[in-house]
Amino acid sequence: MKDASTETNEKKSDFPASYLPGTVEPAISARWESDKVYHYDPARPRQETFVVDTPPPTVSGSLHIGHVFSYTQTDILVRFQRMLGKNVFYPMGWDDNGLPTERRVQNLFGVRCEPSVPYNPDYKPSGPKKELKDYEHISRRNFLELCERQTAEDEKVYEALWRRLGLSIDWRQTYSTVGEHCRRTSQLSFLDLFRKGFVYSAETPTLWDTTFRTAVAQAECEDREASGFFHDIRFAVEGGGDFVISTTRPELLAACIAVVAHPDDARYRPLFGRKAVTPLFKARVPIMPSHHADPEKGTGIMMICTFGDIADVQFWRDHKLPLRQVIGRDGRLIPVQFGEGHQFDSADPAAAAAAYGQLAGLYAKQARAKTVQLLKDSGALAGDPKPTKQAVKYYEKGDQPLEFVPTRQWYIRILENKPALLEQGRKVKWHPEYMFKRYEQWVEGLNQDWCISRQRYFGVPFPVWYPLDAEGAPDHSSPIVPDAARLPVDPQTDCPPGYTEAQRGKPGGFTGDHDVMDTWATSSLTPMVSSGWATDKDKHARLYPADMRPQAHEIIRTWAFYTITKSWMHENSVPWHNAAISGWVVSPEKGKMSKSKGNTITPEGLLQTYSADALRYWSGKAKLGQDTVYDESVFKVGMRLATKIFNASKFAIMQSRGPAAGGAPLGPADITEPLDRAWVSHLKGIVESSRSDFANYDYAAVLLYVETAFWDFCDNYLELVKGRAYSGSPAQARSAAAALEWTVGVFLRLFAPFLPFITEEVWSWSFAERTGHPSVHKAPWPSAAEMAPVEGDALVLKAARAALDAIRTKKAGEKRSVKWPVARLAVECGPKQAAALQLALDDLFSAGCVDKAGFSLKETASDEAALAAVVELGAA
RNA sequence: GGGCAGUUAGCUCAGCGGUAGAGCAAUCGCCUUACACGCGAUGGGUCACAGGUUCGAAUCCUGUACUGCCCACCA
């Protein structure tokens, strides 16, 4: 390595002698901040603006490598837009709403929220607990305070990481999904939908998580494979006869309201219209035809219960059958009464009550075993249980199966608006295009309206109160809503219009809605949150709809869909024009990396080891939508690229300042040598395609060929002209120096979106002053027009390279150094190639250490054949 | 069961109608006045399989098999 003192003796040597990843970043970050490089300028018009609807990451722990991956891809696209001259609006939100935060706070501080506990202003959490029974029960307000405190802490850590990664966010534009602004926006959204009739409340069976004791939406469910048993149960037929039903959920026997078989099923057709009698409970239930009964499954006849699945709900609703709910909100069987005057019919109420008495209070799973036992004892079990695999619905964050429990919830009308929502989705440009299919299929498959209420605490409350009647019962049919001007409100502490606080909970008074909104009810408003829809009409007009929504594909059904829904309902508009869907990071074993699998990687250490640019390089190599294998060897390649940019740029800039330049600034007019012109015109082609590919969101293609071109530049063109730059004639040296300088200026800009740190560092050595653009990130994207006057013949470069390759191959074969002299070089090629080669001979001789006297050139008749060369090495 | 992607060198991927490509890894060399955190060279593939269209297919069409993901009212 070169002695550092040599460097310091160089005139104007204001750049470091060597590149150490990680050393330049802090200073560059600080400069970006102080120079306001990423600030949005509200004074500029909408058409010059590029608005990003950034995904607010869930603040519940730590960011992982998947976040780095997808947020970097967004940043790459954003940086390109900024260099096109766009006024970029790139905010950051924090999703600190909802269950993940609640769970984190519960575990971290060993607390549970208990709304009946009074507020303690001096409360100090005592820390995590081992046993569930040791958890402290604290008031709602204390709990919310802990949530806020914790999320504020986490947000600081997240921001620091984003800055370190070099995300070009305008840090003045941040929001938190439980902050006042989001609460106001969410509540205003609710009021608007309420007024337009898009939202309604209903007491109806809804997907219910018995652990969290809250309603959940269809989008938050997932199927999990579970093993269960088919139990064959004998039902009697009223007036004689019997049949056997196969069920996996015998504990719902008491909830049976009908049995159904396929209308064409000859076995059961004679029974339609008659009544079956359930074992144990002796309920008389209708035997009905239904197309959804599959003659091939089980015995071909099945129970309809309230409620085993969504089909039961449908059937119950369509046929207006009685409600026999047995599963309670906590997942246990609730007490019920049988016989005359009750929903639970029975031919023998005393026996039914005796049987059910052994089940009430048990959890569904326990009740299942007990029911089977009772059936066995009573002789109604026909044969042994048969094992089976089944798909069971779970809340994605839960660990108990979901049940359908009738409760009062708020819903948004999705089902009747499917056609409009599909149409809205079509108006968005999806990247990659096939991701629209996901959206389309999800919308088409929806079978429930969107349930937006949750029986939780840390979330946005519904701005709703209900009048209480003379008995103190709430009148849900006449909800009271506040003026928009009053928002945000908390119906637990604020008073509805026309009432006084003294009337809270009193007959003839009022009560506040206890529920909070689903996280997605707020998240679906992100483009409106950051545009100021609820607070600033002018700003909203300038920032809405957004230009780009970056997100992952698994939340197309939630975040993308809900956002499109709300934008349509509120503004009759799409929320954004482009959806950029990033892929996942998968482990080398091809599994998804996730916390639950314990194979997540935290980015801090990687940033330390490889540098931000290296991680960004890896992210930029992957196309949108494409899952990517976690592979540290790619980080190393990225790091090498950054180092190479440093070194090659150093060389080029030294030439542009050295004797070759002759002390005057270099420009296109100085590029006179045919080889230099050939290189410049080659690079112009790359510059042109980069613009269109990037505009098409295909940044990965750009990185691929820019990187290839750059290594080609270093290894071939630069090697060819190096000698001339050092010791050519003044005009020839000047031509090389001008081409080198321009090339580096172009590469720095082409790489800037991917490797913002190293490019900014190198830019600052010379180009910042030369171009009048202090930051490379606000310099204009390179254009062919910059170099319009420079035209060249690509064949010059190609011929010189071919000859040089032959020399290199020869030397490597002879195990000689690159500097080994070539005594004889006999080239044979067509006339055009020969003419081209003639124009770069001096460069070739210099780079290959060829003895001029030993060179011969023989022209063949046609240019079809490739250039051939015979090389003979000299003596040392 | 429906849908969407994918299957190209040991690994990660590009190419998407005209003679099989890159990086990494492997092997052999080279201290060369930007860089040894470097440079040069070499080996390595019936482009999953089967049909079809075409003068010509990794590339287009049809089917099959795997892989991954998304979805689904399997009682």
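Proteins get letters first, then strands, A, B, ... in listed order; numbering begins at 1 in each.
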**Message:** Between B:G56 and B:C13, how far apart are the two P atoms, rounded to whole Å?
**Reply:** 34 Å

**Asked** So among A:Tyr562, A:Trp430, A:Trp559, which one has a ring-ring contact (aromatic ring centres under 6.0 Å, His included) with A:Tyr439?
**Response** A:Trp430

**Out of B:C13, B:A41, B:C24, whichever nucleotide has its closest atom nearest the side chain of A:Val629** = B:C13

**Asked** Is the shortest heavy-atom distance from the side chain of A:Leu375 to the side chain of A:Pro279 under 4.5 Å?
**Response** yes

**Asked** What interatomic distance, in whole Å, is found between P of B:A14 and the corresponding atom of B:C28?
**Response** 32 Å

**Item:** Closest to side chain of A:Lys644, choosing from B:C74, B:C71, B:C35
**Value:** B:C35

Identify each atom pair where a protein N or O and an N or O of nucleotides 4-10 of chain B are less than 3.5 Å apart, giving names and distance.
none

**Asked** How far, in whole Å, is B:G1 from B:A75 if one measures between their P atoms?
**Response** 15 Å

**Message:** When you measure from the side-chain N and O atoms of A:Lys636 to the phosphate of B:G23, is any distance below 4.0 Å, counting only OP1 and OP2?
**Reply:** no

**Request:** Would you mind telling me which residue lines up with the more 5' stretch of RNA chain B, A:Cys221 or A:Val260, judged by nearest nucleotide?
**Result:** A:Cys221

**Message:** Here's a test of your reading of the structure: between A:Leu20 and A:Gly445, which maps to the more 5' nucleotide of RNA chain B?
**Reply:** A:Leu20

**Contact under 4.0 Å: A:Asn647 side-chain N or O vs B:G38 OP1/OP2** = no

**Asked** A:Gln218 near the nucleic acid: base, sugar-phosphate alone, or nothing, with a heavy-atom cut-off under 4.0 Å?
**Response** sugar-phosphate

**Residues which pass side chain to side chain contact (heavy atoms under 4.5 Å, CB included) with A:Ser727, listed by chain and number, not counting sequence neighbours** = none

**Asked** Regarding A:Arg317 and A:Thr204, is there a side-chain donor-to-acceptor distance under 3.5 Å anywhere?
**Response** yes

**Request:** Report which part of the nucleic acid A:Asp715 touches: base, sugar-phosphate, or nothing (heavy-atom distance under 4.0 Å, all strands).
**Result:** sugar-phosphate

Pairwise N/O distances under 3.5 Å, protein to nucleotides 26-28 of chain B:
| residue | atom | partner | partner atom | Å |
| --- | --- | --- | --- | --- |
| B:C28 | O2' | A:Lys815 | NZ | 3.4 |

**Nearest-Å distance once atom C1' is located in both B:U32 and B:G40** = 10 Å

**Request:** Choose from B:C73, B:A75, B:U42 the nucleotide whose nearest atom is closest to any side-chain atom of A:Thr247.
**Result:** B:A75

**Message:** Taking pairing as Watson-Crick or G-U wobble with both contacts under 3.5 Å, can you name the mate of B:C69, or confirm there isn't one?
**Reply:** B:G3

**Separation of the P atoms in B:A58 and B:A72, to the nearest angstrom** = 40 Å

**Prompt:** With a 4.0 Å cut-off on heavy atoms, is A:Lys621 in touch with a base, just the backbone sugar-phosphate, or nothing at all?
**Reply:** nothing

**Message:** Between A:Tyr610 and A:Trp618, does the ring-ring contact (aromatic ring centres under 6.0 Å, His included) criterion hold? Intermediate values first, please.
**Reply:** CA-CA 11 Å; A:Tyr610 298 105; A:Trp618 164 74; over 10 Å; no

**Item:** Side-chain N,O (A:Arg816) to OP1/OP2 (B:G29) below 4.0 Å
**Value:** no

**Heavy-atom check, side chain of A:Ser649 versus side chain of A:Lys644, under 4.5 Å** = no

**Prompt:** A:Phe694 and A:Phe754: aromatic ring centres closer than 6.0 Å?
**Reply:** yes

**Message:** Checking ring-ring contact (aromatic ring centres under 6.0 Å, His included) between A:Phe710 and each of A:Tyr717, A:Phe747, A:Tyr705, which is the one that passes?
**Reply:** A:Phe747

**Asked** In whole Å, what separates the P atom of B:C4 from that of B:A20?
**Response** 32 Å

**Prompt:** If only atom types and distance count, is the side chain of A:Asp613 paired as donor or acceptor with the main-chain N or O of A:Phe757 below 3.5 Å?
**Reply:** yes

**Complete:** With sequence neighbours left out, the residues meeting ring-ring contact (aromatic ring centres under 6.0 Å, His included) with A:Tyr699 are none

**Asked** Between A:Arg640 and B:C24, is there a side-chain N or O to OP1/OP2 distance below 4.0 Å?
**Response** yes

**Request:** Heavy atoms under 4.0 Å is the rule here; annotate nucleotides 14-20 of chain B 5' to 3' with B where the base is hit, S where only the sugar-phosphate is, and - elsewhere.
**Result:** SS-----

**Message:** Tell me the closest heavy-atom pair linking A:Arg324 and A:Ala283, and the distance in Å.
**Reply:** NH1-CB, 4.3 Å

**Prompt:** Is A:Lys297 touching bases, backbone alone, or none of the nucleic acid, heavy atoms closer than 4.0 Å?
**Reply:** base

**Request:** For A:Asn447, answer base if it contacts any base atom (sugar-phosphate contacts may also be present), sugar-phosphate if it contacts only those atoms, and nothing otherwise; contact means non-hydrogen atoms under 4.0 Å.
**Result:** sugar-phosphate

**Message:** Applying a 4.0 Å non-hydrogen cut-off, can you work out what A:Trp711 is touching in the nucleic acid: base, sugar-phosphate, or nothing?
**Reply:** sugar-phosphate

**Request:** Remember a base hit wins even if backbone is also touched, and classify A:Lys810 as base, sugar-phosphate or nothing at under 4.0 Å, heavy atoms.
**Result:** nothing

**Message:** Less than 6.0 angstrom separating the ring centers of A:Phe646 and A:Trp765, yes or no?
**Reply:** yes

**Item:** Integer angstrom distance from the P of B:C47 to that of B:U59
**Value:** 9 Å

**Item:** Heavy-atom donor-acceptor pair, A:Trp820 side chain to A:Gly874 backbone, under 3.5 Å
**Value:** yes

**Asked** Looking across every strand, which nucleic acid part, if any, lies under 4.0 Å from A:Ile304 by heavy atom: base, sugar-phosphate, or nothing?
**Response** nothing

**Under the side chain to side chain contact (heavy atoms under 4.5 Å, CB included) test, residues paired with A:Glu444 that sit two or more places apart** = A:Leu422, A:Glu440

**Message:** If you only use heavy atoms from C-beta on, which nucleotide in B:C69, B:U42, B:C71 is closest to the side chain of A:Trp584?
**Reply:** B:C69

**Message:** Could you tell me how far B:G43 sits from B:G21 if I compare only their C1' atoms? Round to whole Å.
**Reply:** 16 Å

**Asked** Base, sugar-phosphate alone, or nothing: which one does A:Cys714 contact when heavy atoms must sit under 4.0 Å apart?
**Response** base

**Message:** Let's see if you can work this out: which of B:U32, B:A75, B:G68 has an atom nearest to the side-chain heavy atoms of A:Gln390?
**Reply:** B:A75

